[in-house]
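Throughout, a chain's letter reflects where its sequence line sits, starting with A, and its residues are numbered from 1.
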Number of protein chains: 2
Amino acid sequence: MDETAPDVENEQCDDLLDTIRRGRPAAGQDPVKRSQIIDGARRVFIDKGFEAASMNDITREAGVSKGTIYVYFANKEELFEALIEEERGTIFKNMYDVLDHADDLRKTLVKFGKVLAFKITSAKVIQAQRTVIGACDRLPELGARFFERGPKRGHDKLMVFLNAAIERGMLRIDDVDLAAYQFTDLCLAGLFRQCIFAYRTKAPSQEEVDHIVSSGVSVFLKAYGTESLAAEESHQMIALEAKR
Amino acid sequence: MDETAPDVENEQCDDLLDTIRRGRPAAGQDPVKRSQIIDGARRVFIDKGFEAASMNDITREAGVSKGTIYVYFANKEELFEALIEEERGTIFKNMYDVLDHADDLRKTLVKFGKVLAFKITSAKVIQAQRTVIGACDRLPELGARFFERGPKRGHDKLMVFLNAAIERGMLRIDDVDLAAYQFTDLCLAGLFRQCIFAYRTKAPSQEEVDHIVSSGVSVFLKAYGTESLAAEESHQMIALEAKR
DNA sequence: GAGCAATCGAACCGCTTGGTTCGAATTATT
DNA sequence: AATAATTCGAACCAAGCGGTTCGATTGCTC
């Protein structure tokens, strides 16, 4: 690290002290203004892509002067990275909660699959992903970070869930890591590639997603479900028919 | 159509006649020069993306004067589209031949899956796909066309193959269209999204692809294989063990 | 070797880019 | 009301953009 460079963390600390002392955010520290800028940036970046988006567009869209933007963000790349970081957070937040209150295995998988498929193929998320993908030749670490802290983190949570199901004797899986990827891709079955290349004006319909996911879960369970899962399910079936 | 505009097709025809008559390509008709331009364009577009690539870069890289480029292509977009059109052709050409000389079902599916996974996740193809994805907000029809004439066409061939296997009583599938997507995505199992966001410097190893594909085919056949497939496979197994 | 046409290469156009600067206006604390 | 500092807005910069033009050059055909 460059020894002559000012220590960023101390600087921020000083700014924070200033804020407390004077009851007013220091330059480039007001979170409201910051959001305002990022909100404008989001609209511009996402529908123009990184390269085509101009700082002047963002200025206009955010209703903030150019000078101010450069107080909050050193340059275009830094602004973009901050935006994507936030975007990633909101996209993947709570996406995997379904896995925590598990009841029936099949039902849980279907519920999870639907949430996943819907989120990942929604217009907003597809556009955001396109923007990241388009920029990730120029900013290689951005794409890697996006994947690592987004999809990958969810993948890990899914693995934990699958391992628990294995423990309970409901699944038999050799390579859980691979199986988790297979499950995710079964739930998306063509949707992701189709959407990312040719988003069909509107998102896939509820019915379409339902059909794909329930079929995907069936395939997954036929491959990895154990006899005791089958027994439990037929037991439920009988109970259901008895009720009828 | 604009009646005053010269008829493009007749113009090309005249040019062709000129070529034959004079033994020399007409302006903007020399296929060698055309390739030379596209080759340069490929290098620039693919590693800079559509927006960031400049016509001057391409001029330099192709070793062709700017004026000449504009004789062959009306503008940047047209050049880019021509490039992608060619790229799509070379990527997907022969990719589905494996399906034509079918012998053993599982073996054929594995062979096909490997070809698919390798192609789609190779460095060159990933970069090309990124470029298309990055540009497809600005050129929406390009992405749609790419998908339609590339992945979609292969998908259709796979459906034909699956239908034949159903006819032979080896598979039992309700929704063949969906099943074909499931198969493709089972063979890629996470690879595509992983590569497109965070290409890990080198392509997935042969072993990795082998593992993923053979596992994917197993899942697929457990879900959709019939008893007669199982019978045939166990029959082969017995023959194999007898030989040992 | 004469004639012709495609290619070259450089200059040029108007425009936009990311980024910078600075005095004026605004805002909140004291 | 005085003070201090953030924000504004507009002008400004050099650079690069896609695209065009045109005379010089090259290389082929006859």
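Set against D/dT7, C/dT7, D/dG19, the side chain of B/N75 has D/dG19 as its closest nucleotide. When distances run from any side-chain atom of B/K33 to the nucleotides D/dG9, C/dT7, C/dG19, the shortest one goes to C/dT7. Distances were taken from every side-chain heavy atom of B/S65 (C-beta onward) to each of D/dG18, C/dT20, C/dC8; the shortest belongs to C/dC8. Out of C/dG19, D/dG19, D/dC17, the shortest distance to the side chain of B/Y70 is found at D/dG19. In this structure, the nucleotide among C/dG19, D/dT20, D/dC17 sitting nearest to the side chain of B/D57 is D/dC17. Here the side chain of A/T68 is nearest to one of D/dT7, D/dT20, C/dG9, namely D/dT7.
Between A/F50 and A/F80, the ring planes lie tilted relative to each other; the angle falls in the 30° to 60° range. Between B/F197 and A/F192, the ring-plane angle classifies as tilted under the 30° and 60° cut-offs. Between B/F92 and B/F146, the ring planes lie perpendicular to each other; the angle is over 60°, past the 30° to 60° tilted range.
Between A/M55 atom CE and D/dA15 atom P the separation is 20 Å, expressed in whole Å. The interatomic distance linking B/F73 (CZ) with C/dT7 (P) rounds to 12 Å, in whole Å.
Residue-to-nucleotide contacts include a donor-acceptor pair under 3.5 Å from the side chain of B/K66 to the base of D/dG19. In the interface, the side chain of A/K76 is not paired with the base of C/dG19 through any donor and acceptor atom under 3.5 Å apart.
If you check every strand for non-hydrogen atoms under 4.0 Å, A/A53 touches sugar and phosphate atoms only.
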- Query: Would A/E85 and A/R149 count as a salt bridge (charged side-chain N to carboxylate O under 4.0 Å, His left out) if you check the C-alpha gap in whole Å, the side-chain angles of each, and the deciding distance to 0.1 Å?
  - Reply: CA-CA 9 Å; A/E85 203 73 359; A/R149 302 194 190 164; 2.7 Å; yes
